[in-house]
There are 2 protein chains.
Amino acid sequence: MPWNLNSGSPIFVQIIEHLQIDIVSGKYKPGDKLPSVRDLAGEAGVNPNTMQKALSDLESTGLVHSERTSGRFITEDDNMIKNLRKSLVDVQIEKFFKSMEKLGFTGEEILELVKEYSQK
Amino acid sequence: MPWNLNSGSPIFVQIIEHLQIDIVSGKYKPGDKLPSVRDLAGEAGVNPNTMQKALSDLESTGLVHSERTSGRFITEDDNMIKNLRKSLVDVQIEKFFKSMEKLGFTGEEILELVKEYSQK
DNA sequence: ATTACTGTACTAATCGCTTAGTACAATAAT
DNA sequence: ATTATTGTACTAAGCGATTAGTACAGTAAT
């Protein structure tokens, strides 16, 4: 299935986020080999150049590294992945609270709304 | 203060969201006159054309309407504003839950994290 | 009447993202 | 040895968003 890439921000950014999620959620484990640039591009339904840009950006954070001709691999640093997961969570929660506060809700009201939502 | 317009999606989309929030949060009340296109553009720090695009898009939803030469006004339909507010809230909550579930959290875990966050 | 302000319309130029296409060197597989 | 696959690099083109600049017609204020 082609990835869901339509939500405003540049596709290569969405690809980065998608891959980060695949890594922190365990789809790719530390040391795993990633599919090739071309395969990932085909899977995502984008141009190989776009996938390459996303991957080389990801690489600059150290989350993945490439062995020149044998492929690209997930970092084996468990801590880096754990920290990324925590950081992604924090970003989501903060973004959510900021948005809701802009809409005029207090912290307590937000908590109440979340309670309601998680009960249905 | 210039608006905070840097988060990936096109500026005119962010302007639309910004204005919607200003309306549902009560900064602009039903029937209020909006500042002129040029003033809003100056306030937001964007080109008047960009602001115009955002406003004419907003207009197509009925939330604002323009009186050809005297200015642009917020709708007087209270219900439309209420519904928009509810819809914006729903979107935020759903987006948040989807993101968190992608990161591997269950509904209960999400609720727990929100509790923690709202307590500090 | 004159002036200032309103929304609106239009062209041209620029910038970033994306795609298309091609190419190369190094490794793996056969 | 030959072939396929790897990451990487590069140019050219197209597209949408944005900016800059200009212009016009209708209304309000003076």
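All chains are named by letter (A, B, ...) in the order of the sequence lines, taking the proteins before the strands, and each is independently numbered beginning at 1.
Residues from residues 54-70 of chain B with heavy atoms under 4.0 angstrom of DNA chain C, sorted by number: Ser66(B), Arg68(B), Thr69(B).
A distance-only check finds no donor-acceptor pair linking the side chain of Gln92(A) to the backbone of Ser99(B) [under 3.5 Å]. In this structure, Lys29(B) contributes its side chain and Gly26(B) its backbone to a donor-acceptor pair below 3.5 Å.
Looking only at side-chain heavy atoms (C-beta outward), Leu88(A) and Glu17(A) stay at 4.5 Å or farther from each other.
When rounded to the nearest whole Å, the span between CG of Asn49(A) and P of dA13(D) equals 16 Å. For the pair Gln52(B) CD and dC24(D) P, the interatomic distance rounds to 17 Å; values are reported in whole Å. Atom CZ in Arg72(B) sits about 17 Å away from atom P in dA28(D), given to the nearest Å. If you measure from atom CG of Asn47(A) to atom P of dA13(D), you get 16 Å, rounded to the nearest angstrom. The distance from atom CG of Asp39(A) to atom P of dA4(D) is 16 Å, rounded to the nearest whole Å. In this structure, Leu34(A) atom CG and dG7(D) atom C1' are separated by 13 Å, rounded to whole Å. Atom CE of Met51(A) is separated from atom C1' of dT5(D) by 17 Å (rounded to the nearest Å). Remark: P of dT5(D) and NZ of Lys33(A) are 11 Å apart, rounded to the nearest angstrom.
Where DNA chain C meets chain B (any atom under 4.0 Å from a heavy atom), the bounding nucleotides read 5' to 3' are dT6(C) to dC10(C).
A side chain to side chain contact (heavy atoms under 4.5 Å, CB included) with Ile74(B) holds for exactly one of Leu63(B), Leu19(B), Leu34(B); it is Leu34(B).
Here Arg38(A) contributes atom CZ and Glu43(A) contributes atom CD; the two are 15.5 Å apart, rounded to the nearest 0.5 Å.
When all heavy atoms are compared, the tightest approach of Arg72(A) to Val64(A) is CD-CG2, 4.2 Å.
Place Arg38(B) and Arg38(A) on DNA chain C by their nearest nucleotides, and Arg38(B) ends up nearer the 5' end.
A single hydrophobic cluster is seen to contain both Met80(B) and Leu103(A), as judged by linkage of ILVMFWY side chains at heavy-atom distances under 4.5 Å, directly or through other members.
Note on ring orientation: taking the six-membered ring where Trp is involved, the planes of Phe96(B) and Phe96(A) are parallel (angle under 30°, cut-offs 30° and 60°).
Listed by first then second residue, pairs satisfying salt bridge (Lys or Arg N to Asp or Glu O under 4.0 Å) with a partner in residues 74-88 of chain B read Lys86(B)-Asp90(B), not counting sequence neighbours.
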